[in-house]
Amino acid sequence: MERRYDFKTIEARWQKKWEEEKTFAAHEGSDKPKYYLLEMFPYPSGKLHMGHVRNYSIGDVLARYKFMKGYEVLHPMGWDSFGLPAENAAIKMGAQPEPWTTSNIANMKTQLQTMGLSYDWDREVATCLPDYYKWTQWIFLQLYKNGLAYKKKAAVNWCPSCATVLANEQVIEGHCERCDSVVEKKSLEQWFFKITDYAQRLLDDLDKLPGWPDKVKTMQHNWIGRSEGVEVNFTTEDGRPIPCFTTRHDTIFGVTYMVLAPEHPMVAELVKGTPQEEAVNAFVKKVQQISTVDRTSGNLEKEGMPIGAFAINPMTGEKVPIWITNYVIMDYGTGAVMGVPAHDGRDFDFATKYGLPIKPVISYDEYVPGEPMPHVVEEDGFMINSGQFDGMHNRKEAMKAIADYMEENGLGKRVINYRLRDWLISRQRYWGAPIPIIYCPKCGEVPVPEKDLPVMLPTDVEFKPTGESPLKTSPTFDEVTCPICGGKAHREMDTMDTFVCSSWYFLRYADAKNDLQAFDKEKTDHWMPVDQYIGGVEHAILHLMYARFFCKALHDFGLVEADEPFTNLLTQGMVLLDGSKMSKTKGNIVSPEVIIEKYGADTARLFILFAAPPERDLEWNDAAVEGCYRFLNRVWRLVGTIMDKCEGQDTALNLDALSAEDKAMRRITHLTVKKVGDDIGKRFNFNTGISAIMEMVNALYAYLEKDTNPAVLHEAAEMLLLIFSPYAPHMCEELWEMMGNNEEIAHHVWPDFDEKAMAQDEVEIVIQTNGKIKDRLTIPAGMSADELTEYIKSYDGFEAILEGKQAVKIIAIPNKLVNIVVK
RNA sequence: GCGGAUGUGGCGGAACUGGCAGACGCACCAGACUUAGGAUCUGGCGGGAAACCAUGCAGGUUCGAUUCCUGUCAUCCGCACCA
């Protein structure tokens with residue numbers, strides 16, 4: 001029988017079937033164990049790129065495997081569809097973001113469907129639709145009600161090009177994450193989520209996530225940046241408090257100066273009316289003019305000046321000069337730092353430069369009382385020059401003793417500081433979920449009543465590149481009636497950061513069509529937590545931290561049971577071309593459309609999974625794509641040949657009538673079934689699973705040259721199609737049907753392997769002397785180490801292997817090797 | 001500077017628990033079939049004439065190390081004047 005591998009017809013046919021029959025719909029009432037598999041939903045830019053293809057191919061192989069393994073799989077897809085690109089496109093083309101986004105979603109959905117992915121499309125969500133953002137606003141109100149959403153005036157990160165503020169997490173080395181412009185500081189009244197309330201839990205619960213890569217957990221750990229220390233009650237000479245945070249309170253007796261951030265409010269207060277006021281103000285101005293980038297670059301020469309005032313060290317009563325410098329920042333701790341040049345490298349450099357005194361309080365090898373320190377001492381040691389604490393080990397004893405003493409005497413208190421800041425969610429842009437708050441001249445800040453949700457985005461707005469939110473151009477949006485007093489009031493003009501929308505979408509999939517609630521608790525609790533989450537490592541901090549925060553907060557409100565959203569996380573590597581990331585700006589994009597058009601979806605999927613294990617970056621290679629296409633054709637012809645051979649034959653397996661070749665073939669078949677199952681289900685090494693299938697195909701071709709048994713061929717072909725189907729579902733379904741099976745592979749169970757078929761009668765073992773291979777032997781399988789040792793001793797070639805030397809010891813590894821230690 | 005990861009043929013990669021380094025594929029070479037081959041099939045393919053030498057480099061542990069330990073170099077990623 002001769003039939004061509006016509007992938008276009010085959011793929012279109014099965015995709016249609018899967019869609020019409022809702023093959024991959026998830027059902028709540030099922031008896032099967034649930035498995036929630038989620039790939040990070042895309043921003044609908046309009047075009048699928050290779051990163052998407054990789055992400056969704058990985059997810060699809062896993063999903064199809066889990067379906068076959070008997071799980072009730074929830075495998076949904078949707079759109080993270082608010083955001084700047086739509087708005088920028090609108091400005092550029094004088095159009096509206098909404099139709100632009102809608103048509104992009106339609107395009108991308110079509111492209112996704114040509115990949116043959118096993119999604120439950122009935123649960124599709126798009127964050128820009130009112131039936132979704134209504135609930136984003138509702139969640140905002142829950143956070144607000146619980147004191148986790150608040151408004152404050154703060155120095156915030158402002159991107160002049162995007163004309164909006166940014167969260168701390170969205171500033172990369174002083175530049176805007178999105179457009180790379182230099183970020184400015186602006187003092188604005190903005191909405192924040194109080195993620196810092198959850199800092200400790202977000203940190204602690206990383207330990208509850210053994211299924212996350214250490215890399216991601218470390219990044220979150222560092223981002224939260226917990227440090228334990230003491231806030232020491234320094235004061236001015238006349239008793240005004242200047243608390244200093246320190247993690248090295250063991251060195252408190254070594255303080256020889258204090259440093260304030262130039263923005264510290266005490267600076268202006270202390271110099272007011274003094275002769276140095278002008279010089280200090282000039283210095284502060286100079287520091288503030290340095291851009292954020294330079295100021296945080298680390299290469300900035302440390303500069304400072306004394307402001308003429310003094311601080312009192314509460315432990316010693318000593319008077320130390322107050323300086324201001326360009327290296328202390330207002331954002332961390334209290335903006336005031338005690339200077340201990342003897343035991344801090346940075347302070348040492350600074351004190352040396354400006355001739356400030358250096359006083360050792362921890363002993364070191366070359367210590368001579370009264371002699372200047374030759375270098376900074378950051379190592380641990382025993383206390384000196386520290387009153388009653390002298391002689392204690394600084395870390396093991398003095399840390400605790402000094403903190404206790406300060407707390408008992410009201411000189412300071414233990415404090416835990418985090419680097420994590422509250423999440424700034426206001427955006428001065430149009431294409432996002434409006435913040436559901438009303439400002440009433442009489443009643444003040446009033447949350448929109450839940451019954452009035454959603455606060456709809458107005459359509460009577462103009463998109464002009466003015467740098468102001470287009471919402472302000474709407475004649476109808478601003479003015480509202482106050483829900484409390486009924487008087488005239490105004491709406492909040494800012495929209496929410498799009499990361500808010502993506503922080504709960506995984507909950508909505510569990511109950512995507514609910515128009516009475518964000519989600520039904522029972523349904524969400526049924527599916528949550530996500531068993532496997534898959535996406536790019538670029539979301540290690542932002543999205544994954546925010547989503548964890550939301551899940552914990554909603555858990556605390558009693559809305560969900562889970563307090564961690566994602567049990568297992570797989571971070572896939574980037575798709576590279578010529579060593580760099582494919583991107584529009586570099587113009588080095590290989591379009592998935594072209595590949596699918598030319599070779600088909602099965603080839604595209606196979607290539608991207610075969611080229612590298614999922615976590616690793618993947619170098620695109622056109623030639624290798626053709627190799628995968630060739631392999632699919634090889635499978636196609638193979639199964640055709642086997643069908644011809646089996647035509648009219650009895651394919652019932654008779655284990656007693658198998659030749660040695662038949663047994664060898666069955667052994668490979670069953671080993672491959674086992675290996676592919678492990679590679680997909682346990683190791684996520686999809687590439688080695690494909691290799692194993694290729695080896696099996698090679699073995700089958702070799703077997704076909706021999707005296708074949710139709711039953712063995714038939715069994716092999718069926719198993720091959722079943723285990724290959726997660727990778728190349730269209731072709732496998734087609735061949736499966738051609739072989740006369742009525743039930744689709746998608747509904748078929750994953751095959752069991754037979755341990756007995758995998759056993760072998762004889763094994764080849766290696767004979768080594770001192771670890772060097774000398775010989776190979778074929779011996780009966782299953783010999784114990786002792787039997788093997790005896791076998792080798794009595795083996796004819798034993799003396800020859802020794803080459804005249806003495807055998808000292810024999811190490812035997814059953815079924816593998818024998819190593820003879822010789823002298 | 002701190003933290004993390006990765007270094008294996010011409011290339012992508014394999015070796016899962018310390019046990020035959022280079023599976024599988026790409027590229028390349030030779031051959032078969034063919035009017036033809038960019039289809040298909042067969043064989044070869046780390047270096048070396050060989051003994052042997054080879055998993056970034058230098059040591060160590062071990063009967064045995066790509067795998068474990070110490071040091072070091074390189075590349076990538078994250079954080080970075082954090083007090």
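Chain A is the first sequence line, chain B the second, and so forth, proteins listed ahead of strands; every chain is numbered from 1. Please read these numbers as outputs of a predicted model, since none were measured by experiment.
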### Task
With heavy atoms under 4.0 Å as the rule, sort A:Lys217 into base, sugar-phosphate or nothing.
nothing
### Message
Would you say that more than 12 heavy atoms from the other residues, nucleotides or ligands in this model lie under 6.0 Å from the NE2 of A:His221, or not?
### Response
no
### Query
With respect to the side chain of A:Lys302, which nucleotide from B:rC81, B:rG13, B:rG12 is positioned closest?
B:rC81
### Message
In this structure, how many angstroms lie between the C1' atom of B:rA5 and the CE atom of A:Met574, rounded?
### Response
13 Å
### Query
Rounding to a whole Å, what distance do you find between A:Ile773:CD1 and B:rA51:C1'?
15 Å
### Query
Residues two or more places apart in sequence or in another chain: which of them pass ring-ring contact (aromatic ring centres under 6.0 Å, His included) with A:Phe607?
A:Trp620
#### Entry: A:Phe350 CZ to B:rA83 C1', straight-line distance once rounded to whole Å
13 Å
### Message
Under 4.0 Å, heavy atoms only, any strand: does A:Lys772 hit a base, just the sugar-phosphate, or nothing?
### Response
sugar-phosphate
### Task
Go through the structure and list residues passing ring-ring contact (aromatic ring centres under 6.0 Å, His included) with A:Phe724, not counting sequence neighbours.
A:Phe631
### Task
Between B:rA5 and B:rC68, how far apart are the P atoms? Round to whole Å, please.
12 Å
### Distance, rounded to the nearest Å, where A:Lys774 contributes NZ and B:rC63 contributes P
19 Å
## Note on the structure
Comparing nearest nucleotides in RNA chain B, the 5'-proximal residue of the pair A:Gly335, A:Ile820 is A:Ile820
### Task
Find the distance A:Lys215:NZ to B:rU6:C1' and express it as a whole number of Å.
10 Å
#### Entry: Pairwise P distance for B:rG47 and B:rG10, with rounding to whole Å
8 Å
### Task
Taking syn as within 90° of 0 and anti otherwise, name the glycosidic form of B:rG9.
syn
### Query
Under a 3.5 Å cutoff on both atom distances, Watson-Crick or G-U, what's the dot-bracket for RNA chain B ([ ] crossing, | other strand)?
(((((((..(((......[....))).(((((.......))))).((....))..(((((..]....))))))))))))....
#### Entry: Non-neighbouring partners of A:Lys793 that pass salt bridge (charged side-chain N to carboxylate O under 4.0 Å, His left out), sequence neighbours left out
A:Glu790
### Query
Reading nucleotides 24-29 of chain B 5' to 3', which nucleotides get B (base under 4.0 Å from a protein heavy atom), which S (sugar-phosphate only), which -?
BSSS--
### Between A:Asn157 and A:Lys185, a side-chain donor and acceptor under 3.5 Å
yes
### Task
Taking atom P in both B:rU66 and B:rA58, compute the distance separating them and give it to the nearest angstrom.
14 Å
### Summary
Applying ring-ring contact (aromatic ring centres under 6.0 Å, His included) to A:Phe499 and not counting sequence neighbours gives A:Tyr546
### Task
Take atom P in B:rU55 and the same atom in B:rC41, then report the distance between them in whole Å.
36 Å
### Query
With A:Glu764, which residues qualify under side chain to side chain donor-acceptor pair (under 3.5 Å), at least two apart?
none
### Length of the CG-C1' vector between A:Leu618 and B:rU6, whole Å
16 Å
### Task
Could you work out the separation of B:rA21 and B:rG9 based on their C1' atoms and round it to a whole Å?
11 Å
### Query
Has the side chain of A:Arg776 got a donor or acceptor atom sitting under 3.5 Å from an opposite partner on the base of B:rC20?
yes
### Message
Tell me every residue that passes ring-ring contact (aromatic ring centres under 6.0 Å, His included) with A:Tyr599, counting only those two or more places apart in sequence or in another chain.
### Response
A:Tyr629
## Note on the structure
Residue pairs meeting salt bridge (Lys or Arg N to Asp or Glu O under 4.0 Å), one or both in residues 679-705 of chain A, sequence neighbours left out, come to A:Lys675-A:Asp679, A:Asp678-A:Lys682, A:Asp679-A:Arg683
### Query
Mapping A:Lys675 and A:Ala611 onto RNA chain B by nearest heavy atom, which one lands closer to the 5' end?
A:Ala611
### Task
Would you please say whether a donor-acceptor pair under 3.5 Å links the side chains of A:Arg419 and A:Asn222?
no
### Query
Does the side chain of A:Arg346 get closer than 4.0 angstrom to OP1 or OP2 of B:rC82 through an N or O atom?
yes
### Task
When you get a sec, tell me which of B:rA83, B:rG78, B:rC63 is the closest nucleotide to the side chain of A:Val821?
B:rC63
Polar atom pairs (N or O), protein with nucleotides 8-10 of chain B, under 3.5 Å:
none

### Message
I'd like the P distance from B:rC69 over to B:rU61, given in whole Å.
### Response
16 Å
### Query
With a 4.5 Å heavy-atom cut-off, do A:Lys302 and A:Thr325 have their side chains touching?
no
### Task
Measure the distance from CZ on A:Arg248 to C1' on B:rC81 and round it to the nearest whole Å.
17 Å
### Query
Can you tell me how far C1' of B:rG13 sits from CZ of A:Arg683, to the nearest Å?
13 Å
### Query
Taking C-beta and beyond as the side chain, do A:Val821 and A:Ile810 meet within less than 4.5 Å on heavy atoms?
no
### Query
If you look at every strand shown and take non-hydrogen atoms under 4.0 Å, does A:Asp679 touch a base, only sugar-phosphate, or nothing?
nothing
### salt bridge (charged side-chain N to carboxylate O under 4.0 Å, His left out) against A:Lys772, all qualifying residues, sequence neighbours excluded
none
### Message
Parallel, tilted or perpendicular: which one describes the rings of A:His539 and A:His543, with boundaries at 30° and 60°?
### Response
perpendicular
### Query
Quick one: does A:Val255's side chain get under 4.5 Å of A:Met315's, heavy atoms only?
no
### Query
Are A:Ser227 and A:Tyr332 close enough that a side-chain donor and a side-chain acceptor fall under 3.5 Å?
yes
Report all interatomic pairs (protein N or O, nucleotide N or O of nucleotides 17-19 of chain B) with separations under 3.5 Å.
residue	atom	partner	partner atom	Å
B:rG19	N2	A:Asn819	ND2	3.4

